[in-house]
Amino acid sequence: MAQQTPLSRVEPLWREWMERWPTPAALAAAPPGEAVRHWGRLGYPRRALRLHAAAVAMVRDHGGEVPDTEAGLRALPGVGAYTAAAVAAFAFGLRTTVVDTNVRRVLVRALDGEAQAAPSLTAYERDLAESAVPSGRAASAVWNVAVMELGALVCTARMPRCEACPIADRCAWLAAGRPAYDGPPRRGQGYEGTDRQVRGRILALLREATKPLSRSEFDGCAPESGTVDRCLDGLVADGLVEPLARSRFRLPA
DNA sequence: TAAGCGTGGAT
DNA sequence: TATCCAAGCTT
């Protein structure tokens, strides 16, 4: 849930979700469309589908338990390098290297004196992070959560609170006078007028619907009908929408 | 490797 | 108001 989404926004929905589906088996028993429905407006609804698929995989391959190795975690749908490392470290206390957007920012600032990390994770940044993690198991687990929290709460992207930073006396970026970022620009996302916006509108309608919707009910989702058709096709291809006879659609059963 | 994928709060 | 950006993953 927290992938590309601030924890403060995730928390209330996470609590609701855990009450509804307390175990992998409980989630796996629900239709995938119900996972998408109760994902609400958290964003990136494919994550809901993959979380459901991960629950199915945990029931099928791991006796309904969360796998306790990084390789086992990494094999789950929707679990990439970051999430596998985070669960391995935070839930199981394993020694690994957690690299998320917060960790990347803290390390390049403190160690390299850069204002922000590169647009996407580089091999250099991964090496930097790996070389910084303590060798001991317990110490590494503390390190991973500490660096991430520092980035989330103090060494933030927009308004870093350097006056409250516990490593301010050792920060290369602060020592250099907090120079501005001069690397390649991050690609702007943009949203207005994109298929993502149209997909979001289509799914919002389907989440609220208690019965299948016909094609004409999506007319207002985009100015051109071709856009609606393309987005519906994409949603069906992604498994987020199930097509029925007579051009009717619903969340997947 | 780069592009595509949602949403909403903060600045 | 417009832009940035958030515990990334997949193809």
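So that the names make sense, note that chain A is the first sequence line, chain B the second, and so on, each numbered from 1.
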Check: When A:Arg199 is tested against each of A:Leu232, A:Leu240, A:Thr194 for side-chain contact (heavy atoms from CB on, under 4.5 Å), which residue passes?
Finding: A:Leu240
Item checked: Residue that, paired with A:Val99, satisfies side-chain contact (heavy atoms from CB on, under 4.5 Å) out of A:Thr96, A:Asn102, A:Thr97 -> A:Thr97
Next item on the list: Give me the residues of residues 35-60 of chain A where at least one heavy atom lies under 4.0 Å from an atom of DNA chain B, by number, or none.
Entry: A:Arg41, A:Leu42, A:Gly43, A:Tyr44, A:Pro45, A:Arg46, A:Arg47
What does [X] touch in the nucleic acid at a heavy-atom separation under 4.0 angstrom: a base, only the sugar-phosphate, or nothing?
X       : result
A:Val10 : nothing
A:Phe90 : nothing
A:Ala86 : nothing
A:Thr83 : sugar-phosphate
A:Glu11 : nothing

[X] side chain to [Y] backbone, donor-acceptor under 3.5 Å:
X        : Y        : result
A:Arg178 : A:Trp173 : no
A:Arg207 : A:Leu251 : no
A:Arg47  : A:Gln3   : yes
A:Arg137 : A:Leu94  : no

For the pair made of [atom1] in [X] and [atom2] in [N], what is the distance, rounded to whole Å?
X        : N     : atom1 : atom2 : result
A:Leu235 : B:dG4 : CG    : C1'   : 13 Å
A:Leu203 : B:dC5 : CG    : C1'   : 11 Å
A:Arg199 : B:dT7 : CZ    : C1'   : 14 Å
A:Gln4   : B:dG8 : CD    : P     : 16 Å
A:Asp195 : B:dA3 : CG    : P     : 16 Å
A:Glu192 : C:dT3 : CD    : C1'   : 13 Å
A:Leu153 : C:dA7 : CG    : C1'   : 11 Å
A:Leu13  : B:dG6 : CG    : P     : 16 Å

Item checked: Those residues of residues 99-137 of chain A lying under 4.0 Å from DNA chain C by at least one heavy atom -> A:Asp100, A:Thr101, A:Asn102, A:Arg105
Notebook entry, point to check: Looking only at N and O atoms, is any donor in the side chain of A:Thr5 or the base of C:dG8 less than 3.5 Å from an acceptor on the other one?
Noted result: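 Under the 3.5 Å cut-off, the side chain and the base do not form any donor-acceptor pair.
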Checklist line | B:dG4 base / A:Arg196 side chain donor-acceptor hit below 3.5 Å | finding: no
Checklist line | Exceeds 12 heavy-atom contacts within 6.0 angstrom, atom CZ of A:Arg248 | finding: yes
Margin query: With a 6.0 Å cut-off (strictly less than), is the heavy-atom count around CD of A:Glu163, excluding the residue itself, greater than 12?
Written below: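 More than 12 heavy atoms, drawn from other residues, nucleotides or ligands, come within 6.0 Å of this atom.
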Next item on the list: Select from A:Pro6 and A:Arg74 the residue whose nearest nucleotide in DNA chain C is closer to the 5' end of that strand.
Entry: A:Pro6
Notebook entry, point to check: Is the distance from OP1 or OP2 of B:dG4 to the nearest side-chain N or O of A:Thr194 less than 4.0 Å?
Noted result: no
Taking only N/O atoms, report every protein-nucleotides 9-11 of chain B pair under 3.5 Å with atom names and distance.
| from | atom 1 | to | atom 2 | distance (Å) |
| --- | --- | --- | --- | --- |
| B:dT11 | O4' | A:Arg158 | NH1 | 3.2 |

Checklist line | Salt-bridge criterion met for A:Arg15 and A:Glu11 (N-O under 4.0 Å) | finding: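 A salt bridge is present here (some side-chain N lies under 4.0 Å from a carboxylate O).
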Note to self: Tell me which one of A:Gln4, A:Arg50, A:Arg196 satisfies side-chain hydrogen bond (donor to acceptor under 3.5 Å, both in side chains) with A:Tyr44.
What the structure shows: A:Arg196
Next item on the list: Considering only atom P, compute the distance from B:dG6 to C:dT11 and round it to an integer number of Å.
Entry: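 The answer is 14 Å between these two P atoms.
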Check: Between B:dT11 and C:dA7, how far is it from one P atom to the other, in whole Å?
Finding: 13 Å
Next item on the list: Dump the intermediate steps for side-chain contact (heavy atoms from CB on, under 4.5 Å) on A:Leu73 and A:Thr83, then the final yes or no.
Entry: CA-CA 8 Å; A:Leu73 289 160; A:Thr83 304; over 6 Å; no
Margin query: Let me check something: do A:Met148 and A:Leu7 share a hydrophobic cluster, defined by ILVMFWY side-chain heavy atoms less than 4.5 Å apart, either directly or through other members?
Written below: no
